[in-house]
> 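Below you will find the structure I want to go over with you.
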Number of protein chains: 2
Amino acid sequence: MQAKEILQAHIAKTISLTDEQFDYLFSHFKQRSFKKGQVIIAAGDKIDHEYFVLDGCLKSFYINDDLKMFILQFAMPTWWASDYNALYSQTKATINLDCITDAEVLCLSNDDREKLCNEIHQVEHFFRWRTNRGYVASQKRLLSFMNNDAKHRYEELLALYPALYNIVPKHLIAAYLGVSRETLSRLYHS
Amino acid sequence: MQAKEILQAHIAKTISLTDEQFDYLFSHFKQRSFKKGQVIIAAGDKIDHEYFVLDGCLKSFYINDDLKMFILQFAMPTWWASDYNALYSQTKATINLDCITDAEVLCLSNDDREKLCNEIHQVEHFFRWRTNRGYVASQKRLLSFMNNDAKHRYEELLALYPALYNIVPKHLIAAYLGVSRETLSRLYHS
DNA sequence: TTTTAAATGTGATGTAGGTCACGTAAGTTC
DNA sequence: GAACTTACGTGACCTACATCACATTTAAAA
């Protein structure tokens, strides 16, 4: 499936656009290919785009002062990723974004998103709902963090995204769950 | 300050509405008074409103199977609160909302919000930005959970909302930080 | 004012998960 | 295919925080 069709199918789940409107919308996206391991956003960057995943798997993550990595999101096809704090507030990135596998993405600049939201009411509606879902998911994950132990969170993650288990190295899954790789290893060998 | 002025000042930070538009918007809100301890949303409820705090302090929280409480949010004046998962997905509430102090709130139904977002593009813009901020805040809190110990999170909370310390009982602060009340007590006595 | 309930402090003890150390296996690169 | 790097497993030990138990202080209710 082509980039255009993938995006169209994704957006059609939330809003209806005419073909002309969608063509206009799509004309603001730029397609890019990345290799496994390639960095899309590095902490400290000035940042002005968000990314829609067509193929492959990205990760967004934070590195603390002890160089420990915490993964915020695994971005699979039809997911959006960026450092939204930096993007919305026009500050430098504190979150990194890179490629776990080779990846195809569509890039949309912050300015273009805001322009499109302003020009096409339905597009603003789409982005409101996208963020709604992200917000709810983030709250759920926060609750799971407070409520459940590592084993429970691990099983939750696998139930939600079985594909991850085969694509993503275990130490990254540990960094998502917020446990050490040693602890994760012990969890699923018992 | 009157309810109308409080809401108007709050909304004006993000969008510009004509007086007629704002009057129309405001006509969809219903003002209600609650007493300390009163429940606004109980888990299991069918739920169709969100709440804008004019005065007082609310808490939204989850109770797990062991009857342990986890606080998602302390809602202070000009904050919005609800069980957004239940509200958006039209399912029964899993989150509770009640009053830490006597409170004045404005109620907006889910249907009216969607109607207003549809009728007035700027209103949709407002709600998109409100959720953006919520999403970013939620991600920051998630990161802090993974990255920092309880003492660090406690100091972070006090730095961000100094007012809480005097208004909110310590065991509720513990339930927000995700530690036991005993641990919290030990943290600030050393 | 008395009674009752809620909030808080503090010791003793248990445990999930971290850290360090060192091993093997499996991909990558030359 | 050898050399090197990255991923993964597992034991020994440590630490932050939970839990339980009980005392005390404060606030609400009668």
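Chain identifiers are assigned alphabetically (A, B, ...) following the order of the sequence lines, protein sequences preceding nucleic acid strands; residue numbering begins at 1 within each chain. We use all heavy atoms of the structure for the numbers below, so side chains are in, but hydrogens, waters and symmetry mates are not.
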> By the 4.0 Å heavy-atom rule, please label A:G37 as base, sugar-phosphate, or nothing.
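Here A:G37 touches no strand at all.
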> So that I know where these two stand, are A:F61 and A:F70 an aromatic pair - ring centroids less than 6.0 Å apart?
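Aromatic pair excluded; centres sit 6.0 Å or further apart.
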> Based on the rotation axes of five pairs at each end, what angle does the helix from C:dT1-D:dA30 to C:dC30-D:dG1 bend through, to 10°?
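Nearest ten degrees gives 60° for this helix.
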> Scan side-chain atoms only and decide if B:T131 and A:N132 contain a donor-acceptor pair under the 3.5 Å cut-off.
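On atom types as modelled, these side chains qualify, holding a pair under 3.5 Å.
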> If I take atom CD in residue A:E182 and atom C1' in nucleotide D:dC8, what distance separates them, rounded to the nearest angstrom?
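Going from A:E182 (CD) to D:dC8 (C1'), I get 10 Å.
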> Look at A:T183 and C:dG18 and indicate whether a side-chain polar atom (N or O) is within less than 4.0 Å of OP1 or OP2.
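True: A:T183 side-chain N/O within range (under 4.0 Å) of C:dG18 OP1/OP2.
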> For the side-chain contact (heavy atoms from CB on, under 4.5 Å) test, which of B:E104, B:R32, B:Q2 pairs with B:L54?
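With B:L54 as partner, B:E104, B:R32, B:Q2 yield a single side-chain contact (heavy atoms from CB on, under 4.5 Å), made by B:E104.
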> Would you mind telling me which residue lines up with the more 5' stretch of DNA chain D, B:A150 or A:L184, judged by nearest nucleotide?
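Here A:L184 is the residue nearer the 5' end.
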> What does A:K151 touch in the nucleic acid at a heavy-atom separation under 4.0 angstrom: a base, only the sugar-phosphate, or nothing?
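A:K151: no heavy atom of the nucleic acid under 4.0 Å.
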> Do B:D83 and A:Q139 come close enough that some side-chain heavy atom pair is under 4.5 Å?
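SC-SC contact between B:D83 and A:Q139 ruled out.
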> Does B:Y188 have a side-chain nitrogen or oxygen under 4.0 Å from the phosphate oxygens OP1 or OP2 of C:dT8?
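The answer is no; no side-chain N or O of B:Y188 sits under 4.0 Å from OP1 or OP2.
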> Looking at B:K170, does any N or O in its side chain come under 4.0 Å of the phosphate oxygens OP1/OP2 on C:dA6?
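So the side-chain polar atoms of B:K170 never come under 4.0 Å of the phosphate oxygens OP1 or OP2 of C:dA6.
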> Between A:I167 and A:M76, is there a side-chain heavy-atom distance shorter than 4.5 Å?
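Yes. Closest side-chain heavy atoms under 4.5 Å.
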> Which nucleotide in the list C:dG9, D:dG9, C:dG17 gets nearest to the side chain of A:H189?
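Nearest nucleotide to the side chain: D:dG9.
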> Check every strand shown and say whether B:K68 touches a base, only sugar-phosphate, or nothing at a heavy-atom separation below 4.0 Å.
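B:K68: backbone/sugar contact only, no base atoms under 4.0 Å.
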> Determine: side-chain N/O of B:S180 to OP1/OP2 of D:dA18, distance under 4.0 Å, yes or no.
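Result: yes.
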> So, OP1 or OP2 of C:dT8: does either fall under 4.0 Å of a side-chain N or O from B:H171?
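It does, given that an N or O in the side chain of B:H171 lies less than 4.0 Å from OP1 or OP2 of C:dT8.
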> Angle class for the B:H10/B:F126 ring planes (parallel below 30°, perpendicular above 60°, tilted otherwise)?
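Answer is perpendicular, since the angle exceeds 60°.
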